[in-house]
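Some notes on the structure that comes next.
Position 1 is the first residue of the sequence, and the numbers go up from there.
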Amino acid sequence: MKMTIHRFRAALVLTALIGGSPVVAQEVVTENDAGVGARAMGMGGAQIGAVNDVTAVLYNPAALTRLDRLEVQLGLDLWKRQIDTRLRSSAQGIGRASANTDFSGLGTLGIAYPVPTRQGSLVLATAYNRVKDFSGRFRTDGYSDILQGNFSGESIEEGGLGVFSIAGGIDVSPNVSIGASLDLWSGSYRRDNRQLLNDPSPTETYSQLDITGVDSDITAVSFKPAFLFFEDAFRFGGYVRLPMTFHITERNFSEGYSRNDGEYFRLYEFIDPTSVHNDEEVTYTDRLEYRIKAPMQLGFGAALGRPGKTILAFDISYENWKQAKIEYPSDYMPEPNYFLDKYRPTLSWKVGIEQPLPILGSVVRAGYMRQPISFKGPRGYGDTASPIVVTNERDYLTLGFGMQFDQSFGLDLGYARGFWSADEDPRTDEESRSSVFVALTYRMPSK
């Protein structure tokens, strides 16, 4: 019985320490924004009023009307993620954990087409943008007061979410445009965990190896109407992404091995499933389909400045994930009020500047972006579960550069450096992320 209880407690604690949870899609879809567009990210993402390329399908579809030539854009994203974690223990000091992850891939592929009109502007566009990245690798090694043993583990995450958009914008008066986008979300999330506990106590030598994971397919459809007011050098816009529903098909697996014969498992070790050390009670694979009803998102932005001159931009956006709901199958017992209890409303804000240079039609950009963390926890269950205390919200400093080679081809580069930290007893996480955005844009020459 002692071994069974030890094993049960270890599975819960080790899962919490490396960031796991029985159902994970609700966390990955609310966070992990990847950033879209090289020009946009060079300006801190402040684009609701300032966007001037095909990424308007995401930032503000009404701003498509400001595109006067056929445009095609190809964008690539490259980023590096670093997580440093301290694991506090009164008996054995502080354990350490870290994660280093690199990613590169398609960020944007889109085309915008101005429809010939007698007056005003009508522009149609379609684009794919990678909006969320789930790739990550987290390692941990330390001592647990609760388990009274040495533990180590590794969690590898893969996947992301992309959005295929069909959008359009039209002038409805000399100074006002409206637009909308229909967005089709599709992606996947996969996580593999390995957790090892070795307990060399004087009375009992105990070793436990858990192999768990999840593989999820995620889809959704959203609709986003928008507007843009423009006069002289001033532009003001806004959008509302209406409430949407994520559909998740999730497959979970778990294998557990334990022994108290004086030998220890290794973190990466092949074990015959018929081994006497295989604990059949915790070996399972299951499949679950459920839905997450996401809340409405509001965004407003202003920009001051003309093309070829200094441009200043500022955006805010609001989202309240406390209003979200999870709908499980009737035979599944969900946690009551999951989003209401574990999430908080967030107000994000972004500011950016674009400054022309007297060199080959080039510009430099800079910006600052704050995206508060919406998940406040606790991640565990019960009265003793530790809340998440955010000690530094998710902040980004950005830089950018653009060059127009001729009337048709332009190159944009963006760099974003993000950093944030949080306490979740017994761990403290400090995370940083460096992202590079590259975009090549072709615009049909003017006649």
Side-chain angles (χ1 to χ4, degrees), residues 36-43 47-77 106-130 162-183 224 226-228 230 232-233 235 237 303 305-309 311 313 354 356-365 400-414 437-447:
V36 172
R39 177 179 183 263
M41 296 310 296
M43 296 178 67
Q47 293 291 284
I48 297 176
V51 64
N52 68 354
D53 57 25
V54 73
T55 61
V57 299
L58 282 184
Y59 289 107
N60 185 352
L64 288 168
T65 59
R66 301 304 90 202
L67 307 184
D68 56 4
R69 292 183 286 166
L70 183 145
E71 175 180 312
V72 180
Q73 185 176 112
L74 172 66
L76 301 177
D77 297 348
L106 178 66
T108 298
L109 180 60
I111 181 171
Y113 173 69
V115 178
T117 58
R118 290 187 177 182
Q119 62 180 5
S121 175
L122 170 62
V123 179
L124 303 177
T126 183
Y128 170 85
N129 289 282
R130 185 178 176 89
V163 175
F164 176 76
S165 302
I166 301 172
I170 185 172
D171 285 340
V172 293
S173 77
N175 299 106
V176 177
S177 300
I178 61 173
S181 66
L182 179 66
D183 302 320
K224 179 168 57 185
F227 76 91
L228 181 70
F230 48 93
D232 295 330
R235 301 206 303 183
R306 293 186 176 90
K309 304 292 184 179
I311 296 176
E354 181 177 76
L357 298 177
I359 306 173
L360 298 175
S362 60
V363 297
V364 292
R365 306 176 180 112
F401 176 80
M403 176 175 289
Q404 195 68 33
F405 295 108
D406 55 28
Q407 191 179 18
S408 298
F409 287 97
L411 176 68
D412 290 292
L413 303 174
F437 304 84
V438 182
L440 180 65
T441 303
Y442 168 81
R443 296 180 175 91
M444 181 175 289
S446 302
K447 294 182 180 179

Side chains of Leu440 and Val72, heavy atoms from C-beta outward: is any pair under 4.5 Å? no
Applied to residues 164-175, the salt bridge (Lys or Arg N to Asp or Glu O under 4.0 Å) test, sequence neighbours excluded, yields Arg66-Asp171
Just jot down the side chain to side chain contact (heavy atoms under 4.5 Å, CB included) partners of Ile48, sequence neighbours excluded, or say none. Asn60, Tyr239, Asp315
pair Lys224-Leu58: side-chain heavy atoms closer than 4.5 Å: yes
Mark yes or no for whether Glu71, through its side chain, and Asp53, through its backbone, hold a donor-acceptor pair below 3.5 Å. no
Side-chain heavy-atom pair Leu67, Thr65 within 4.5 angstrom cut-off: no
Does the pair Thr117 and Ile170 meet the rule for a side-chain contact (heavy atoms from CB on, under 4.5 Å), with working shown? CA-CA 10 Å; Thr117 58; Ile170 185 172; over 6 Å; no
Non-hydrogen side-chain atoms of Val36 and Val163 separated by less than 4.5 Å: no
Determine whether a donor-acceptor pair (N or O, by modelled atom type, separation under 3.5 Å) exists between the side chain of Thr126 and the backbone of Ser165. yes
Side chain to side chain contact (heavy atoms under 4.5 Å, CB included) involving Asp68 - partner list, sequence neighbours excluded: none
Non-neighbouring partners of Ser181 that pass side-chain hydrogen bond (donor to acceptor under 3.5 Å, both in side chains), sequence neighbours left out: Asp183
What residues form a ring-ring contact (aromatic ring centres under 6.0 Å, His included) with Tyr113, not counting sequence neighbours? none
Contacts of type side-chain hydrogen bond (donor to acceptor under 3.5 Å, both in side chains), residue Glu354, not counting sequence neighbours: Arg39, Arg365
N/O donor-acceptor pair under 3.5 Å between Asp77 side chain and Phe437 backbone: no
Met444: side chain to side chain contact (heavy atoms under 4.5 Å, CB included) partners, not counting sequence neighbours: Leu70, Tyr442
Pairs where residues 110-121 contributes a residue and the test salt bridge (Lys or Arg N to Asp or Glu O under 4.0 Å) is met, not counting sequence neighbours: none
Test your reading of the model: is there a side-chain donor-acceptor pair from Tyr59 to the backbone of Ala50, 3.5 Å cut-off? no
Hits for side chain to side chain contact (heavy atoms under 4.5 Å, CB included) against Pro307, two or more places apart or cross-chain, chain-then-number order -> none
Phe164: what forms a ring-ring contact (aromatic ring centres under 6.0 Å, His included) with it, not counting sequence neighbours? none
Go through Leu124 and Leu64 one step at a time and tell me if the side-chain contact (heavy atoms from CB on, under 4.5 Å) criterion holds. CA-CA 8 Å; Leu124 303 177; Leu64 288 168; over 6 Å; no
Under the rule for side-chain hydrogen bond (donor to acceptor under 3.5 Å, both in side chains), what residues qualify as partners of Thr441, not counting sequence neighbours? Gln73
With sequence neighbours left out, what residues match Arg235 under side-chain hydrogen bond (donor to acceptor under 3.5 Å, both in side chains)? none
Please tell me if the side chains of Leu411 and Val438 come closer than 4.5 Å, counting only heavy atoms from C-beta onward. yes
